[in-house]
Structures are given as C-alpha cells and as structure tokens.
Amino acid sequence: QVQLVESGGGLVQAGGSLRLSCAASGRTFRSYAMGWFRQAPGKEREFVATINWSGGSTYYADSVKGRFTISRDNTKSTVYLHMNGLKPEDTAVYYCAAARTYSATYYYPEYHYWGQGTQVTVSS
C-alpha cells in the first residue's frame, strides 16, 4: 500500500513556474514507476509525465514537453514536477500516481495508487 500526498500547487501568471511535490509513504517507493496526471474542469484526466524507478527514464505528453520536468528522490520517497513556461491551458488539478512496475508508463490502468490532487491555476 502506498499513500501519496501532493503539494506545491497555486496561482501563477502565464510564463511563470511552479514545482509540485508528491511525498509517498512506505519503504517500497523505489519499486514503483511514478506519474503525474491532470484534470481540467469538464475534461478527462490526462497523462502529463512519468518516470521509472531509478529516475533514468522519463516520458512526457507532447503538450508539456520542453516545459515540464519530472524527477524523483528515492532517499526522500518524493517525486517532483517542475513546471516552467506555464500557460492558462495548464490550469487543472494535478495528481501524483504510483504504478506497480519499474518501467515508466503512461498507461492509466497501470497506476494503482493516487494522491488527492493539487490545484494549479495559471492566469493570463
């Protein structure tokens, strides 16, 4: 069982930056690939970024590639999402998730554990 708690969301102007953090409970954090997803009002939850167990492999949605960076610190059981060049269309609730696989994955059904979400609002 893994419990995930996100933090770092907030209100930022377009072009600004935020760093989201997701702290995981348990001693098996390094056994999980981690991902970030987001859900805007009236839209389905969508994949943002994923990272494998070691941090050596990452994948991004085309909409955030070059602006967002996912990273992890296994010694702190924490995964991060560094967001630069934020746009109003990035406004959403951002969710951290853990997948019972070592490999990075954007496949939604592989994610078994989810955080409660943190709101990111980008003003124009």
Side-chain angles (χ1 to χ4, degrees):
Q1 189 78 10
V2 177
Q3 292 185 326
L4 305 171
V5 179
E6 302 101 332
S7 61
L11 174 64
V12 63
Q13 289 188 333
S17 300
L18 281 175
R19 186 185 78 165
L20 305 184
S21 300
C22 173
S25 65
R27 293 177 290 179
T28 59
F29 177 72
R30 63 187 299 130
S31 300
Y32 296 89
M34 299 297 296
W36 287 95
F37 292 76
R38 67 186 182 186
Q39 188 166 17
K43 296 188 177 181
E44 293 187 352
R45 194 170 297 188
E46 65 174 1
F47 166 76
V48 175
T50 179
I51 189 167
N52 75 331
W53 72 278
S54 67
S57 179
T58 58
Y59 296 100
Y60 299 90
D62 288 343
S63 58
V64 307
K65 201 172 294 182
R67 300 188 297 122
F68 291 10
T69 302
I70 188 171
S71 62
R72 67 188 295 162
D73 185 339
N74 286 344
T75 66
K76 297 181 179 179
S77 297
T78 301
V79 63
Y80 305 96
L81 186 68
H82 304 258
M83 304 185 294
N84 297 317
L86 283 161
K87 304 175 181 180
E89 51 264 44
D90 294 319
T91 294
V93 177
Y94 283 71
Y95 297 91
C96 168
R100 288 198 293 248
T101 175
Y102 286 100
S103 300
T105 176
Y106 53 79
Y107 190 47
Y108 185 92
E110 290 196 289
Y111 286 89
H112 298 90
Y113 305 105
W114 293 84
Q116 82 289 351
T118 185
Q119 177 71 46
V120 171
T121 303
V122 185
S123 62
S124 57

**Student:** Just checking Tyr111 against Phe37, ring centres under 6.0 Å apart?
**Tutor:**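 Aromatic pair counts; centres sit under 6.0 Å.
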
**Student:** Ring centres of Tyr108 and Trp114 under 6.0 Å apart?
**Tutor:**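 Distance test on ring centres: under 6.0 Å, yes.
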
**Student:** What's the separation between atom NE2 in His82 and atom OG in Ser17, rounded to the nearest 0.5 Å?
**Tutor:**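 His82 NE2 to Ser17 OG: 11.0 Å, rounded to 0.5 Å.
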
**Student:** Do the side chain of Ser77 and the main chain of Ser25 share a donor and acceptor less than 3.5 angstrom apart?
**Tutor:** no

**Student:** Donor-acceptor check, side chain of Glu6 to backbone of Gly117, threshold 3.5 angstrom: yes or no?
**Tutor:** yes

**Student:** Rounded to the nearest 0.5 Å, how far does OG1 of Thr28 lie from CD of Gln1?
**Tutor:** 10.0 Å

**Student:** To the nearest 0.5 Å, what is the distance between CG on Leu81 and OG on Ser21?
**Tutor:** 9.5 Å

**Student:** Could you tell me the separation between the CZ atom of Phe68 and the CG atom of Leu86, rounded to the nearest 0.5 Å?
**Tutor:**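 Phe68 CZ to Leu86 CG: 5.0 Å, rounded to 0.5 Å.
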
**Student:** Can a donor-acceptor pair be found, under 3.5 Å and without considering hydrogens, that links the side chain of Arg30 to the backbone of Trp53?
**Tutor:**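 No; zero donor-acceptor contacts below 3.5 Å.
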
**Student:** Quick check: does any side chain N or O of Asn52 sit under 3.5 Å from a backbone N or O of Ser57, one acting as donor and the other as acceptor?
**Tutor:** yes

**Student:** Examine the side chains of Thr105 and Glu110 and answer whether a donor and an acceptor come within less than 3.5 Å of each other.
**Tutor:**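 Present: a donor and an acceptor within the cut-off.
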
**Student:** Are there more than 12 heavy atoms of other residues, nucleotides or ligands under 6.0 Å from atom OH of Tyr113?
**Tutor:**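 Correct, the count exceeds 12.
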
**Student:** Should Lys65 and Asp62 count as an ion pair when the cut-off is N to O under 4.0 Å?
**Tutor:**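 Result for this pair is yes, salt bridge flagged.
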
**Student:** Counting distance only, does the side-chain N/O of Thr121 pair as donor-acceptor with the main-chain N or O of Leu11 below 3.5 Å?
**Tutor:**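 No.
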
**Student:** Let me check something: do Met83 and Ile51 share a hydrophobic cluster, defined by ILVMFWY side-chain heavy atoms less than 4.5 Å apart, either directly or through other members?
**Tutor:** yes

**Student:** Using the side-chain contact (heavy atoms from CB on, under 4.5 Å) rule, take Gln119 and Thr91 through it: C-alpha gap first, then chi angles, then the decisive distance, then the call.
**Tutor:** CA-CA 8 Å; Gln119 177 71 46; Thr91 294; 4.0 Å; yes

**Student:** Atom CD of residue position Gln3 - does it have more than 12 heavy atoms of other residues, nucleotides or ligands inside 6.0 Å?
**Tutor:** no

**Student:** Hey, is the main chain of Lys76 close enough, under 3.5 Å, to the side chain of Thr78 for a donor-acceptor pair?
**Tutor:**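 A pair under 3.5 Å: yes.
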
**Student:** Only one of Gln116, Arg45, Arg38 clears side chain to side chain contact (heavy atoms under 4.5 Å, CB included) with Tyr95; which?
**Tutor:** Arg45

